[in-house]
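Sequential numbering from 1 along the given sequence is applied to the chain's residues.
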Amino acid sequence: MVPRISIITVCLNNIEGLRITRDSISEQEFRDFEWIVIDGDSHDGSKEFLYSIQNEVTFISEPDQGIYDAMNKGVNIAIGDYLIFLNAGDYFYNDYVLKKTNDLNADLVIGWLNIIKDENKSKNNNIKRVDNQDVRKKFLFHRSIPHQATFVRREVFEKYGLYDVSFKICGDHDFFARIILAGATLKYVCYPIASFPLNGLSSELNGSEVFINEIRKIRKNNFSLMYRVWRRCIDTIEKKMHLSKVQRDF
């Protein structure tokens, strides 16, 4: 019987994060899923751990070209109707998330993401939600939807293609921009799906030269030159208007 959901976890030398993710998955009340782990040939005990739980996981452990190459490997072996990427260290928001999210009838089913800035200070955490925003050109030009809280119909990858492995940290942004602008259908669920500790590679490189260059590449890949110039002008005007308002209020 084909599982309803494929949970794909990418990891590299993060056995503690892998254990956290595994515990979260194993505690789900809904059981109609498969768990796939794509390990980048770790040397911290992750492979041995995966072998010890091989009755509950399908896994590959081998060198790869980066996170998006690993994610593509997961897509290629997944057999579920919907795929969700919960990488090592990420975890489901609670034990009944999958049970609650049973009405999957769009290309992308998008929930909220609990972003954890400090495990010991809950007030420093915040919920990222996109259901209250217009996820079209302007949104996608500036930001992405959270892949940890998004269920992707498997046929979407067959129709629109896989992740671009040339990206180091923003390949999910590029993927979502590409498929949404091409007409992928969206549905929103108004509750948290996953928790994301703000300590991964993408967090470390946010604002870096790599990040800035990849955002430029996303815009060039998915938006016309005319739109990019127009958007830059509008953003500049809006920024100046906001600064002027702040100065008046002050």
Side-chain angles (χ1 to χ4, degrees), residues 3-12 14-38 56-57 67-68 70-71 74-75 78 80-104 106-133 135 143-154 156 163 169-173 175-176 180 186-204 206:
R4 180 71 165 146
I5 296 171
S6 295
I7 305 166
I8 300 173
T9 298
V10 169
C11 68
L12 176 63
N14 186 7
I15 188 171
E16 293 307 317
L18 186 59
R19 291 181 188 275
I20 290 170
T21 303
R22 181 255 185 158
D23 289 345
S24 168
I25 292 171
S26 65
E27 292 168 359
Q28 287 297 302
E29 294 182 8
F30 177 89
R31 305 304 302 172
D32 189 9
F33 64 79
E34 64 171 350
W35 183 32
I36 298 169
V37 175
I38 308 298
E56 58 186 272
V57 63
I67 185 172
Y68 298 107
M71 289 168 72
V75 172
D81 297 322
Y82 280 83
L83 283 57
I84 187 168
F85 292 89
L86 205 66
N87 293 334
D90 303 340
Y91 51 94
F92 286 119
Y93 188 74
N94 54 41
D95 298 347
Y96 51 87
V97 163
L98 294 184
K99 182 177 181 180
K100 188 175 182 180
T101 314
N102 55 15
D103 187 16
L104 299 171
D107 291 333
L108 301 176
V109 179
I110 308 164
W112 301 353
L113 180 65
N114 180 35
I115 299 176
I116 301 174
K117 297 181 180 180
D118 189 333
E119 290 279 5
N120 300 315
K121 297 179 181 179
S122 59
K123 67 180 181 180
N124 288 335
N125 302 337
N126 65 84
I127 299 292
K128 178 179 181 180
R129 52 183 294 190
V130 297
D131 57 282
N132 59 344
Q133 301 185 54
V135 181
R143 69 198 76 171
S144 181
I145 61 176
H147 78 257
Q148 303 94 334
T150 300
F151 296 87
V152 184
R153 199 195 303 265
R154 183 156 54 93
V156 163
Y163 295 98
I169 55 174
C170 298
D172 46 331
H173 186 171
F175 173 77
F176 286 132
I180 293 173
L186 311 181
K187 177 182 177 179
Y188 304 101
V189 292
C190 300
Y191 48 82
I193 297 294
S195 293
F196 168 60
L198 205 60
N199 57 9
L201 176 64
S202 59
S203 304
E204 295 171 3
N206 188 26

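- At least one side-chain heavy atom of Met71 sits under 4.5 Å from a side-chain heavy atom of Phe85.
- In this structure a side-chain-to-backbone donor-acceptor pair under 3.5 Å is present from Ser26 to Arg22.
- Looking at Ile84 and Ile5, their side chains come closer than 4.5 Å, going by heavy atoms from C-beta outward.
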Take Glu27 and Phe92 through the test side chain to side chain contact (heavy atoms under 4.5 Å, CB included) and record every step on the way to the result. CA-CA 9 Å; Glu27 292 168 359; Phe92 286 119; over 6 Å; no
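- Note that CZ of Arg31 and CD1 of Ile25 are 9.5 Å apart. Values are rounded to the nearest 0.5 Å.
- At least one side-chain heavy atom of Ile7 sits less than 4.5 Å from a side-chain heavy atom of Leu98.
- Tested against Val10, the residues Ile36, Leu86, Ile67 include a single side chain to side chain contact (heavy atoms under 4.5 Å, CB included) partner, Ile67.
- Taken from OH in Tyr93 to NZ in Lys100, the straight-line distance is 10.0 Å, to the nearest 0.5 Å.
- When Ile193, Asp172, Ile145 are each tested for a side chain to side chain contact (heavy atoms under 4.5 Å, CB included) with Thr150, only one passes: Ile145.
- Proximity of Gln28 to Val97: side-chain heavy atoms (C-beta onward) are separated by under 4.5 Å at one or more points.
- Here Glu29 pairs with Lys99 under the salt bridge (charged side-chain N to carboxylate O under 4.0 Å, His left out) rule; sequence neighbours left out.
- Legend: residues meeting side-chain hydrogen bond (donor to acceptor under 3.5 Å, both in side chains) with Tyr191, ordered by chain and number and at least two apart, are Thr101.
- Listed by chain and number, the residues in a salt bridge (charged side-chain N to carboxylate O under 4.0 Å, His left out) with Asp107 are Arg153 (sequence neighbours excluded).
- By the salt bridge (charged side-chain N to carboxylate O under 4.0 Å, His left out) test, Glu16 is found to be paired with no residue, residues two or more places apart in sequence or in another chain being considered.
- Counting only heavy atoms from C-beta outward, the side chains of Leu108 and Phe151 never approach each other to under 4.5 Å.
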Does Tyr82 form a side chain to side chain contact (heavy atoms under 4.5 Å, CB included) with Val152? I'd like the steps, not just the answer. CA-CA 5 Å; Tyr82 280 83; Val152 184; 5.8 Å; no
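- No option in Val37, Asp23, Leu12, Val57 other than Val37 meets the side chain to side chain contact (heavy atoms under 4.5 Å, CB included) test with Leu18.
- Residues meeting the salt bridge (charged side-chain N to carboxylate O under 4.0 Å, His left out) test with Asp131, sequence neighbours left out: Arg129.
- Distance check: Ser6 OG to Trp35 CH2 gives 13.5 Å after rounding to the nearest 0.5 Å.
- Side-chain contact between Tyr91 and Ile116 is present, with heavy atoms from C-beta onward closer than 4.5 Å.
- Checked against ring-ring contact (aromatic ring centres under 6.0 Å, His included), Tyr68 has the following partners two or more places apart in sequence or in another chain: Tyr163.
- Here the side chains of Phe196 and Pro146 are not in contact, with every heavy-atom distance at 4.5 Å or above.
- Looking at Leu113 and Pro192, their side chains never come closer than 4.5 Å, going by heavy atoms from C-beta outward.
- Atoms OG1 and CG, on Thr9 and Asn87 in that order, are 6.5 Å from each other to the nearest 0.5 Å.
- Here the CD1-OG distance, from Ile20 to Ser195, works out to 11.0 Å after rounding to the nearest 0.5 Å.
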